[in-house]
Structure formats: C-alpha cells, structure tokens
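Inspection log for the structure reproduced underneath, given as structure tokens.
Protein chains get the first letters and strands the later ones, always in sequence-line order, with residue 1 at the start of each. The shown structure was predicted, so the numbers you read here are calculated from the model rather than taken from an experiment.
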Amino acid sequence: MLLDDFSELENTRLEKIHRMRDEGIEPYPTRSAKSMNNADAVKAFETAEAEGKVEVPDVVLAGRIRAIRNMGKLCFTHIEDSSGKIQLFLRINELGEEKLNSFVRDFDLGDFIEASGALTRTRRGEITLMVHDFKMLAKALYQLPADKDQVVDGETVRHAVLSDPETRYRQRYVDLAVNPDVREIFKARAKIVDTVRTYLDERDYIEVETPILQPIYGGAAARPFTTYHNQLHQELFLRISFELYLKRLIVGGMDRVYEIGRDFRNEGVSFKHNPEFTQLELYEAYTDYHGMMRIAEEMVSQCAYELNGHYIINYDGNEIDLTPPWKRITIRQGLIDYADIDIKDYPTVESLEALLKERDIPFKPGVPHGKLIGLLMEEYIEPRLIQPTFLCDYPRDISPLAKNVPGDPSTVERFEIFIGGVELGNAFTELNDPVEQEKRFLEMADAYAKDDEEQHPMDHDFVRALAYGMPPTGGMGIGIDRLVMMLTGKNTLREVILFPHLRKIEDQ
RNA sequence: GGGCGCGUAGCUCAAUGGUAGAGCAGCGGCCUUUUAAGCCGUUGGUUCAGAGUUCGAUCCUCUGCGCGCUCACCA
C-alpha cells in the first residue's frame with residue numbers, strides 16, 4: 001500500500017494534508033477557477049503594458065509549483081502549466097501574516113496551486129502575479145526530482161536533471177513533469193502526424209481502420225503476437241501490417257486509403273525496434289512505386305518544414321537535407337558503386353554463397369537467392385545512405401506482394417527509404433495478379449518450411465479478393481516512430497514513444 | 001538469446017577491503033523585489049537482491065533482477 005512505504009519526507013507531506021483538513025481546508029478540491037493559462041497571462045500583461053497600464057487585475061492562474069524562494073515577509077514562486085511558467089509574488093502586505101505563513105507551512109514543490117491577483121512587473125522586470133489569494137488544488141505526496149534552471153548569458157542551464165533512462169521511461173509522468181524538452185518531443189510528434197493526415201486528406205485519401213486482431217496475419221515478414229478469443233474459441237494474431245486489408249479496400253473501389261495505427265511484431269527490441277510501433281500505410285490505385293516516391297519525399301519534407309521551418313535535419317551527427325527530389329538508386333547499381341559487385345554475375349545461390357564467403361559475410365545456408373542479396377545490401381549499401389535515398393528494385397523472392405519489373409522476372413518494383421542509414425519506409429507497385437499472388441504465397445511457405453520460427457500463412461480470402469480484380473496500385477508503409485525520431489534528432493525510438501516497452505519488474 | 005558496461009540518499013554524483021559523503025530537495029532558524037536566492041544549523045542510506053571469500057564486503061567472486069551499448073533476430 002502507498003502509505004506503508006512512505007519515507008519521512010512523504011510523511012511530512014501527509015501530515016500537512018491532515019493538518020489542512022483539520023483546519024477545514026480541502027487539499028484536493030473538486031474544481032479550479034483558473035481564468036487563463038500562464039502564456040496567455042504573459043501576453044495579456046504585455047498587451048496592457050503597451051497601452052500604458054501597469055497592471056492587469058482579477059486574474060486567476062493555476063499550475064504546479066516548480067520553485068519557491070521564501071524570504072520571510074515575502075515569497076516568490078514559479079508555477080507551471082502546459083503553456084509555460086509564471087512567477088507568483090506573495091507578500092505580507094497583500095496577504096497578511098497568517099495567510100502568508102499558511103503558504104510556507106502547507107505548500108511544497110510539486111503541489112498544484114491556484115492564485116488570484118493582479119499581473120504586474122517586478123523591480124527585476126519579470127512579469128508576475130501579485131497574489132491576493134490562493135488555494136491548494138492538489139497536494140503532491142512524492143517530491144519531484146530536484147531541478148533548477150539558471151539563465152546564463154540567455155541560455156537556460158539545468159541542474160541535477162532527472163536523467164536515469166529507466167526512471168524516465170518507467171515513470172514517464174515524472175519525466176514529463178520535470179523535463180520540458182520531453183513534452184516538446186511529443187508535441188512535435190503530434191504535429192508530424194497531423195501534417196501527414198493533412199497531406200493525405202488534401203489528396204482525397206480516406207483514413208480507415210482495419211482489424212488489429214486478425215485470424216491470419218500477413219503483409220510483412222515478422223513473428224506475430226498471439227492471443228485467444230474465449231467465446232469464439234479462436235486463436236487470433238495481433239497484426240504485423242495493414243497491407244492485406246487495405247488492398248481489399250482498393251479491390252472494393254476505395255481508390256485512395258490510408259491507416260495510421262499500431263503494428264505488433266514479436267521480435268528483438270533496439271533503438272529502432274519496439275514491439276508495438278505506429279505505422280502509416282497508404283494505397284493508391286492507378287499509380288505505382290514512382291508515385292509513392294513522390295508522395296514520400298513531398299510528405300516527409302513537408303513534415304520537416306512544418307516542424308522546423310526548413311528541410312535540414314540533424315541526425316546522429318549528420319546534416320541531412322530532405323529537400324525533394326531524393327536520390328534514387330537501384331540495388332544493382334548500389335552494389336556496383338559501393339561494393340564493386342554486379343549481381344547479374346551471380347545468378348545462382350551457389351555463386352552468391354561463394355561471393356559472401358569470399359567477402360567474410362556470414363549467412364545461414366539454404367536461404368533464398370534474394371535473401372543473400374539482402375545481406376550484401378545491408379553490408380555495403382544501407383550504412384552509406386545518409387542523405388534520403390530510395391533504394392529500388394528488390395529481389396522477387398523476398399518481396400511476395402510486389403509486382404515484377406517488366407521484363408525482369410527476378411526483380412520487383414519495390415523501394416525502401418533510407419535516411420541516416422536507417423530504414424524509414426517500404427513501398428511497391430502492388431502485385432494484382434491473383435494467380436501469381438497465390439503462387440508467391442506457396443513459394444514463401446516452401447522457403448520457410450525448414451524454418452520453424454517463421455511462417456507465412458496463405459491468405460485465401462486475400463487471393464480471392466484479387467480475383468475480383470484490383471487496379472494497378474502503388475502502396476507504401478512509413479514508420480511513424482522512426483520518422484519522429486529523425487525529425488526530432490533523437491537517436492532512439494524510446495525517446496519518441498511515451499511508454500516504451502521495458503521488462504516487468506517485481507515491486508508494486 | 002550472446003558479449004561488454006552500469007546499479008550508492010528523492011534527484012545528480014563522490015568514496016574506500018575497516019559498515020559511506022557532497023550539492024540540490026527535505027526539516028529548523030534569519031531576511032519585505034527574489035530568481036540555481038543567500039547565510040547558519042540539521043535529518044535522511046537494506047550502497048539493486050541473494051550467496052560466497054575474508055577477522056571484516058558498497059568494493060573481490062558467483063547467481064539472480066533491472067537498465068544501457070552491441071551482436072544476433074528483425075524492416
């Protein structure tokens with residue numbers, strides 16, 4: 001129980017609650033009479049000041065107490081709400097001795113206070129609420145991690161900031177309460193998602209929602225989470241992609257659709273992988289992967305512009321220019337340029353395996369030709385793609401849902417977007433030949449038959465949908481978390497996911 | 001899952017094979033325009049958990065737990 005584990009510090013605060021209640025003061029009142037937020041208060045004062053006034057009366061502000069500077073007969077505090085901080089000035093002349101003392105006695109850092117009074121400017125020039133009255137809005141029992149700001153030459157220097165990553169992620173509420181820059185990341189995230197929606201909505205895309213619980217998973221190569229529906233006695237999977245459902249909508253005549261939602265992949269966790277992550281998938285009829293490239297470069301650069309006012313981002317020590325158009329390079333050309341390998345010279349699995357051995361690249365024996373090319377790609381091309389690049393034309397046998405490059409049966413019209421060496425998105429000209437699609441499913445089943453870790457279930461209903469006819473279509477997926485990570489210059493997904501997955505710990 | 005590193009007060013960090021200290025916050029004082037307020041005094045620790053070595057472990061060893069980096073897995 002909460003109270004059982006209280007330290008001396010917490011018990012001191014608890015006693016304040018008891019004392020307040022004994023005096024008829026409720027430390028958790030039901031409502032607040034806050035009349036404006038802190039930022040608006042500052043603006044209101046500046047406006048009044050420009051008209052020659054020296055104060056703005058009858059203002060009610062509220063927020064969390066972030067600093068207290070008590071000097072006996074007067075006391076300064078800073079309170080903070082989501083709009084920012086503002087100073088309160090409590091003075092014995094205004095409040096009387098008893099009221100002022102009750103502040104010092106009852107209030108601590110971290111408590112929520114409501115204060116009424118007049119906005120003025122102090123001798124030191126800070127816009128401040130001269131407090132006529134105040135009341136407790138919510139008492140905090142735990143103290144927030146100590147933190148103080150110091151302004152040196154106009155720069156804010158922060159002292160003893162909560163920085164332990166485990167505490168920050170497990171108790172994100174504390175992190176957010178104490179680290180304003182963290183709140184900014186999530187404002188940026190909201191803005192990016194908003195920009196994406198606006199971009200697509202303006203192009204007549206319709207936002208849809210498809211099942212998260214799926215009887216058959218598909219659309220990507222990943223291990224799923226499984227769950228169970230009790231009444232239906234049915235095993236269900238959490239989706240690993242939206243692809244197969246969204247393409248059914250294209251069959252149904254919804255020519256431009258997108259979904260922003262959660263994918264779940266039961267795999268390793270890293271700076272660029274979280275078990276659940278936010279994905280954007282979009283599909284557009286009567287276009288192809290070239291159309292998707294144009295959308296990607298336009299949409300992503302627009303996100304950067306809306307966020308920062310320009311197209312340059314700093315990621316992992318690199319200055320990256322997102323101005324369209326982005327570089328396009330085929331895998332074949334990339335391997336020629338960066339590794340001096342022309343894959344046309346290695347048409348068989350045996351020849352590729354020999355090459356990989358020669359180059360000291362480890363591989364699992366028995367994997368398909370395309371997967372070996374993938375290994376070369378990871379080794380030689382991906383780390384080089386710092387500036388935004390569309391890496392194009394993938395091996396067919398690792399791309400079961402993409403359409404062939406005309407005249408080249410081994411290659412499909414697919415690209416992945418790389419920025420800062422990290423994959424941001426994946427797109428292709430969608431395979432719409434039902435017979436070919438069924439064949440691909442069967443090939444994948446074969447290819448992975450020996451590998452009991454992964455399975456590619458055949459989705460008969462998806463094939464049936466294609467058999468009703470799907471127009472030529474371009475489709476794309478973009479990892480929203482990774483996009484936010486890049487645009488905000490963070491080097492791990494955990495910084496842009498509010499509650500990143502951490503191991504369970506045995507305590508409360 | 002493998003390798004490496006880390007875990008000390010609420011927060012940020014010190015320290016030593018002889019059971020721990022600072023700043024901030026907390027508590028008690030002084031101070032009527034302060035802003036990392038200041039000054040004086042002061043409380044606070046299962047040194048992540050368990051076992052072992054040792055006369056003695058926060059430190060050395062092992063195991064476990066958690067976090068980070070990295071590799072593997074994976075877009």
Side-chain angles (χ1 to χ4, degrees), chain A residues 6-13 15 66-78 85 87-95 97 100 104-105 108-110 120-126 128 130 140-152 156-171 174-175 178-179 219-223 240-241 263 265-275 277 279 362 364 374 377-378 382 391 394 398-399 414 416-418 422-427 451 453-454 477-479 481-482 491-492 494 500 502-507:
Chain A
F6 267 16
S7 70
E8 199 183 324
L9 270 57
E10 284 119 25
N11 277 319
T12 304
R13 290 182 171 216
E15 281 161 20
R66 295 308 309 279
I68 298 178
R69 294 179 294 279
N70 176 26
M71 289 186 303
K73 294 198 170 57
L74 67 158
C75 181
F76 292 93
T77 95
H78 272 99
K85 288 183 188 173
Q87 183 170 258
L88 307 185
F89 185 10
L90 297 94
R91 214 172 149 209
I92 199 166
N93 311 33
E94 305 287 335
L95 294 165
E97 189 173 354
L100 180 61
V104 175
R105 199 185 57 216
D108 294 294
L109 295 179
T120 79
R121 219 180 253 283
T122 62
R123 263 178 225 169
R124 295 291 177 96
E126 181 163 347
T128 298
M130 176 63 79
L141 289 171
Y142 288 132
Q143 62 174 353
L144 287 172
D147 108 280
K148 290 194 171 185
D149 296 347
Q150 180 185 22
V151 180
V152 180
T156 300
V157 181
R158 307 197 61 219
H159 299 268
V161 181
L162 172 69
S163 58
D164 173 49
E166 186 170 356
T167 311
R168 287 187 50 229
Y169 301 145
R170 281 195 200 280
Q171 295 180 261
V174 176
D175 188 33
V178 160
N179 292 324
R223 273 180 282 169
I240 58 173
S241 88
D263 268 340
R265 297 187 182 174
N266 204 340
E267 277 152 6
V269 178
S270 79
F271 78 94
K272 52 180 177 174
H273 297 274
N274 196 59
F277 62 99
Q279 179 88 327
K364 265 202 262 180
M377 218 169 77
E378 281 168 31
E382 293 184 7
L391 184 59
Y394 276 62
I398 54 170
S399 314
R414 172 184 177 186
E416 292 188 340
I417 304 164
F418 286 88
V422 175
E423 185 210 336
L424 180 68
N426 181 23
D451 192 349
E453 286 194 337
E454 251 184 59
I478 288 182
D481 312 274
R482 288 186 182 176
N491 55 11
T492 164
R494 287 182 285 260
L502 297 179
R503 256 176 243 271
K504 185 182 172 182
I505 47 171
E506 303 293 329
D507 65 356

For the pair made of [atom1] in [X] and [atom2] in [N], what is the distance, rounded to whole Å?
X	N	atom1	atom2	result
A:M71	B:G29	CE	P	17 Å
A:Y169	B:C67	OH	P	12 Å
A:L90	B:U33	CG	C1'	13 Å
A:D175	B:C11	CG	P	13 Å
A:E10	B:A25	CD	P	17 Å
A:E166	B:U12	CD	P	12 Å
A:Q279	B:C74	CD	P	18 Å
A:R223	B:C74	CZ	P	7 Å

- Query: Does A:Q143 use its side chain to pair, donor to acceptor, with the backbone of A:L109 at less than 3.5 Å?
  - Reply: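 Side chain of A:Q143 to backbone of A:L109: no pair is present.
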Closest to the [X] side chain, choosing from [options]:
X	options	value
A:T12	B:C74, B:U35, B:C27	B:C27
A:R503	B:U35, B:C27, B:C67	B:C67
A:R494	B:G68, B:C74, B:G66	B:G68
A:L9	B:C74, B:G10, B:U35	B:G10
A:L502	B:G10, B:G68, B:U12	B:G68
A:P165	B:U33, B:U35, B:G68	B:G68
A:Q143	B:A25, B:U35, B:A37	B:A25

[N] versus [M] - spacing of their [atom1] atoms, nearest Å:
N	M	atom1	value
B:U61	B:U53	P	15 Å
B:G44	B:G28	C1'	15 Å
B:U70	B:G18	C1'	39 Å
B:A20	B:U43	P	15 Å
B:U19	B:U47	C1'	10 Å
B:U16	B:A57	C1'	11 Å
B:U42	B:A9	C1'	15 Å
B:G50	B:G7	C1'	16 Å

How is [X] classified with respect to the nucleic acid when contacts are heavy atoms under 4.0 Å: base, sugar-phosphate, or nothing?
X	answer
A:D108	sugar-phosphate
A:R124	base
A:N93	base
A:Q87	base
A:I92	base
A:F89	base
A:L109	sugar-phosphate
A:L424	nothing
A:S163	sugar-phosphate
A:R265	sugar-phosphate
A:V161	sugar-phosphate

Is A:R170 close enough to B:G66 that one of its side-chain N or O atoms is under 4.0 Å from OP1 or OP2 there?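 Checking B:G66 against A:R170, no side-chain N or O comes under 4.0 Å of OP1 or OP2.
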Would you tell me if any nitrogen or oxygen in the side chain of A:R69 comes within less than 4.0 Å of OP1 or OP2 on B:U34?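 For B:U34, OP1/OP2 do not have a side-chain N/O of A:R69 under 4.0 Å.
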Counting only Watson-Crick or G-U wobble pairs whose two distances fall under 3.5 Å, which nucleotide matches [N]?
N	result
B:G1	B:C71
B:G66	B:C6
B:U42	B:G26
B:U19	none

Of all residues at least two apart in sequence or in a different chain, which pass the side chain to side chain donor-acceptor pair (under 3.5 Å) check with [X]?
X	answer
A:N70	none
A:R69	A:H78, A:Q87
A:N11	none
A:D108	A:K16, A:K139

**Prompt:** Does the side-chain contact (heavy atoms from CB on, under 4.5 Å) test come out yes or no for A:F277 and A:R265, once each step is laid out?
**Reply:** CA-CA 8 Å; A:F277 62 99; A:R265 297 187 182 174; 3.7 Å; yes
Which atoms of nucleotides 3-7 of chain B (N or O only) lie under 3.5 Å from a protein N or O atom, and what are those distances?
none

How about [X] and [Y]: do any of their side-chain heavy atoms sit closer than 4.5 Å?
X	Y	result
A:R223	A:I240	no
A:R482	A:E423	yes
A:F76	A:M71	yes

- On RNA chain B, check which nucleotide each of A:L74 and A:I68 is closest to and give me the residue with the more 5' one.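 Looking at RNA chain B, the more 5' nearest nucleotide goes with A:L74.
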Given that A:R121 and A:T167 both sit by RNA chain B, which one's nearest nucleotide is further toward the 5' end?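 Result of the comparison: A:T167.
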**Study point:** Test log, rule side-chain contact (heavy atoms from CB on, under 4.5 Å), inputs A:N179 and A:V161
**Key:** CA-CA 8 Å; A:N179 292 324; A:V161 181; 2.9 Å; yes
| message | Between the base of B:U33 and the side chain of A:T128, is one N or O donor paired with an acceptor at under 3.5 angstrom? | response |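 Answer is no: no donor-acceptor pair is held.
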Is there a donor in the side chain of A:E15 and an acceptor in the side chain of A:T12, or the other way round, less than 3.5 Å apart?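 Side-chain D/A pair, A:E15 to A:T12: absent.
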Atom CD1 of A:I417 and atom CG of A:N426: how far apart are they, to the nearest 0.5 Å?
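Going from CD1 on A:I417 over to CG on A:N426, the span is 8.5 Å.
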For the CZ atom on A:R503, are there more than 12 heavy atoms of other groups (residues, nucleotides or ligands in this structure) within a distance under 6.0 Å?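 Open.
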Extract from the structure each pairing of a protein N or O with an N or O of nucleotides 22-24 of chain B at less than 3.5 Å, listing the distance.
unit_1: B:C24; atom_1: O3'; unit_2: A:K148; atom_2: NZ; d: 3.2

- Task: Please report the closest heavy-atom contact between A:L100 and A:L74, naming both atoms and the distance.
- Result: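 It is CD2-N, 4.2 Å.
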